[in-house]
Amino acid sequence: MRYNYYYLCLYVLFLLGLVTSCSNDIDYTYKGSNYIQISTADDPAIAENDDRPVTVDVLLATAVETDATIHFELSGNEDGVLNMENDGSVLIKAGEKKASFKIASNHKGLIKAQRSMTLKVKDYTDPRMQAWRDLKLIVKPSVESPTLTEEQLELIKGYKEKYGLDLNQFIGVLKCNVEIRYPEGDIGTFYDEETRSFEGKSVITLSDNATAERPILKMIDNPMGLTSFLWEILQKETIEEESWAINEWNQCMLTAIEFDRDKEEFEVTLDNLELLLEERSISFLGTVLNNYDEPITSVPFKYSFTAWNRWKQKADNGEKVAVPDGEGDSGNPIYTEYNVSDLIEMGTTLEPRIYLVISTIDEDGWENEPSDFIEPKGSFNEDTFTFQFSWDHYNSGGYTQIYVTYTLNK
């Protein structure tokens with residue numbers, strides 16, 4: 001379902017009768033359920049060695065008349081991998097409807113594989129309150145710097161001697177700041193806000209395509225700081241999108257692959273970021289196939305999604321899956337077996353590319369007024385390297401503008 005909070009707001013406004021007041025007094029006339037919305041503008045993926053907390057925003061449908069406390073619990077955190085501020089207890093002061101608290105790693109080094117956790121409302125002191133939705137967090141093993149081969153070390157040494165470029169500043173675990181500006185057509189459907197900013201980390205190494213004359217990087221974990229964002233959009237385009245989720249063929253696919261949202265893994269990499277030394281710029285675009293298998297210019301992210309991998313494997317194995325294909329005389333559905341490869345061809349798919357690679361970004365393919373297109377650029381100086389580019393997805397209403405700034409290692 002597209003962004004539940006948008007519809008929650010409409011529902012509450014309807015119940016309030018769109019009441020407005022010329023005074024500054026809080027209107028307590030609404031006596032229905034006071035829904036609890038939890039969200040985060042931060043990257044919801046936390047590595048165990050990460051010092052960055054995730055700030056959870058708590059928003060009620062309407063202000064409380066007296067002080068109220070909400071207690072949260074974190075499913076999947078039984079061994080204490082994460083720590084909730086105030087043990088997940090949040091006070092909402094009388095006359096207020098907003099609060100926030102932080103969740104951070106305990107740095108225990110307990111997990112060896114990615115783990116999904118769910119933040120839930122446990123209980124509350126105001127009987128009018130009601131939980132609206134949960135918040136998913138992903139915890140990953142500690143992020144480590146990549147190990148370089150002897151050949152890579154020699155190349156890096158050569159760049160320093162030949163060009164005066166210390167590529168070690170660009171390699172390792174690098175912090176980045178991400179700003180995302182959404183198109184007007186997506187506000188209220190995919191997003192609540194116009195702009196979102198958060199911090200992230202990427203693991204960057206020397207690309208296998210690098211040569212003595214061409215320093216080329218590869219982001220092998222969380223490229224551009226966008227993995228969680230891209231995963232969020234993929235879910236909103238598929239399992240959270242109402243028409244997609246109720247489609248019976250999609251349901252048959254999810255059943256056939258034993259889809260489990262909490263166990264699926266979504267990973268992204270980005271190769272061929274070439275430093276152009278004379279221009280002090282970075283070439284990072286490439287030719288990719290969009291959802292219609294047409295070549296376009298875009299950021300050539302490589303996606304790996306466990307659910308899609310299993311569905312694709314069934315196609316490669318020549319397997320068949322029965323799907324409803326008409327009704328019998330009694331009104332009951334008639335099931336027909338199709339090759340999975342044919343189902344994929346007809347659009348029953350979880351391939352990330354189909355939902356996340358749509359329009360070219362080297363020119364304005366949307367032509368919205370005002371324009372939401374920005375020219376793709378990559379550059380670097382002695383302290384940072386930066387990127388800006390447009391991007392869209394399957395059901396978007398225009399280009400999302402993405403700005404990323406990395407801080408170089410010293």
Side-chain angles (χ1 to χ4, degrees), residues 1-10 13 37 39-44 57 59 133 176-200 222-245 266 268 270 284-292 294-301 303 351-379 386-405:
M1 184 182 297
R2 296 246 189 107
Y3 232 74
N4 290 336
Y5 181 63
Y6 172 70
Y7 298 105
L8 170 63
C9 288
L10 290 180
L13 285 174
Q37 168 78 6
S39 62
T40 182
D42 294 335
D43 185 339
D57 297 311
L59 175 64
R133 65 183 304 184
C176 62
N177 289 292
V178 182
E179 181 179 332
I180 300 174
R181 302 176 187 175
Y182 302 118
E184 183 177 345
D186 286 6
I187 307 301
T189 53
F190 279 94
Y191 320 102
D192 287 335
E193 66 283 335
E194 295 181 0
T195 302
R196 175 180 174 186
S197 300
F198 54 88
E199 296 179 0
N222 198 24
M224 303 287 188
L226 292 174
T227 296
S228 293
F229 169 75
L230 294 168
W231 170 229
E232 174 187 326
I233 298 302
L234 180 59
Q235 292 175 92
K236 288 181 179 179
E237 288 285 12
T238 55
I239 59 174
E240 293 181 3
E241 206 283 319
E242 187 172 6
S243 62
W244 192 99
F266 176 81
V268 188
L270 177 60
F284 65 101
L285 301 185
T287 301
V288 298
L289 296 180
N290 68 4
N291 56 321
Y292 294 110
E294 301 168 338
I296 62 169
T297 299
S298 188
V299 182
F301 293 115
Y303 302 104
E351 183 180 4
R353 174 181 66 90
I354 300 301
Y355 304 99
L356 303 178
V357 183
I358 308 301
S359 303
T360 192
I361 68 167
D362 59 340
E363 61 182 11
D364 190 352
W366 277 93
E367 299 183 345
N368 287 334
E369 289 293 342
S371 176
D372 45 30
F373 173 79
I374 56 171
E375 181 183 355
K377 294 180 180 179
S379 63
T386 63
F387 302 92
Q388 68 171 49
F389 55 94
S390 306
W391 176 83
D392 65 351
H393 49 96
Y394 190 79
N395 279 309
S396 59
Y399 283 116
T400 295
Q401 300 176 4
I402 298 177
Y403 303 83
V404 183
T405 300

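Computed over heavy atoms, backbone and side chain alike; hydrogens, waters and symmetry mates excluded.
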Least distance between heavy atoms, [X] atom then [Y] atom:
X: T400; Y: P183; answer: OG1-CD, 3.3 Å
X: G378; Y: F284; answer: N-CE2, 3.7 Å
X: I296; Y: T360; answer: CD1-N, 3.9 Å
X: W366; Y: S359; answer: NE1-OG, 3.7 Å

Atom [atom1] in [X], atom [atom2] in [Y]: separation rounded to 0.5 Å?
X: C176; Y: N222; atom1: SG; atom2: CG; answer: 6.5 Å
X: Y394; Y: L234; atom1: OH; atom2: CG; answer: 13.5 Å
X: Q388; Y: I361; atom1: CD; atom2: CD1; answer: 10.5 Å
X: Q235; Y: E241; atom1: CD; atom2: CD; answer: 13.5 Å
X: F387; Y: T405; atom1: CZ; atom2: OG1; answer: 10.0 Å

With a 4.5 Å heavy-atom cut-off, do [X] and [Y] have their side chains touching?
X: F373; Y: P376; answer: yes
X: P352; Y: F266; answer: yes
X: L226; Y: I180; answer: yes
X: L270; Y: P300; answer: yes

Original post:
Counting distance only, does the side-chain N/O of T40 pair as donor-acceptor with the main-chain N or O of D42 below 3.5 Å?
Top reply: yes

Original post:
So, R196 side chain and A41 main chain: donor-acceptor pair closer than 3.5 Å or not?
Top reply: yes

Original post:
Is the closest side-chain donor-acceptor distance between N395 and E237 under 3.5 Å?
Top reply: yes

Original post:
Between D43 and S228, is any side-chain donor less than 3.5 angstrom from a side-chain acceptor?
Top reply: yes

Original post:
F198: what forms a ring pair (Phe, Tyr, Trp, His ring centres under 6.0 Å) with it, not counting sequence neighbours?
Top reply: none

**OP:** Just jot down the ring pair (Phe, Tyr, Trp, His ring centres under 6.0 Å) partners of Y403, sequence neighbours excluded, or say none.
**Re:** none

**OP:** Evaluate the side-chain contact (heavy atoms from CB on, under 4.5 Å) criterion for residues F389 and I374: first the C-alpha distance (whole Å), next the side-chain angles of each, then the deciding distance (0.1 Å), finally the verdict.
**Re:** CA-CA 6 Å; F389 55 94; I374 56 171; 5.6 Å; no

**OP:** Report the residues that fulfil salt bridge (charged side-chain N to carboxylate O under 4.0 Å, His left out) with E179, sequence neighbours left out, ordered by chain and then residue number.
**Re:** R181

Of all residues at least two apart in sequence or in a different chain, which pass the side-chain hydrogen bond (donor to acceptor under 3.5 Å, both in side chains) check with [X]?
X: T386; result: S379
X: N177; result: none
X: S396; result: none
X: Y355; result: W244

Subject >> Residue pairs, two or more places apart or on separate chains, that pass salt bridge (charged side-chain N to carboxylate O under 4.0 Å, His left out) and touch residues 360-375 >> reply: none

**OP:** Go through Y182 and T195 one step at a time and tell me if the side-chain contact (heavy atoms from CB on, under 4.5 Å) criterion holds.
**Re:** CA-CA 6 Å; Y182 302 118; T195 302; over 6 Å; no

**OP:** Show your working on side-chain contact (heavy atoms from CB on, under 4.5 Å) between Q37 and R133 and close with a plain yes or no.
**Re:** CA-CA 6 Å; Q37 168 78 6; R133 65 183 304 184; 3.7 Å; yes

**OP:** Under the side-chain contact (heavy atoms from CB on, under 4.5 Å) rule, what do W391 and L230 come out as? Steps first, then yes or no, please.
**Re:** CA-CA 11 Å; W391 176 83; L230 294 168; 3.6 Å; yes

Original post:
How would you list, by chain and number, every residue that makes a side-chain contact (heavy atoms from CB on, under 4.5 Å) with I354, sequence neighbours excluded?
Top reply: N291, T349, E351

Original post:
Taking only residues two or more places apart in sequence, or in another chain, which ones meet P295 in a side-chain contact (heavy atoms from CB on, under 4.5 Å)?
Top reply: T287, L289

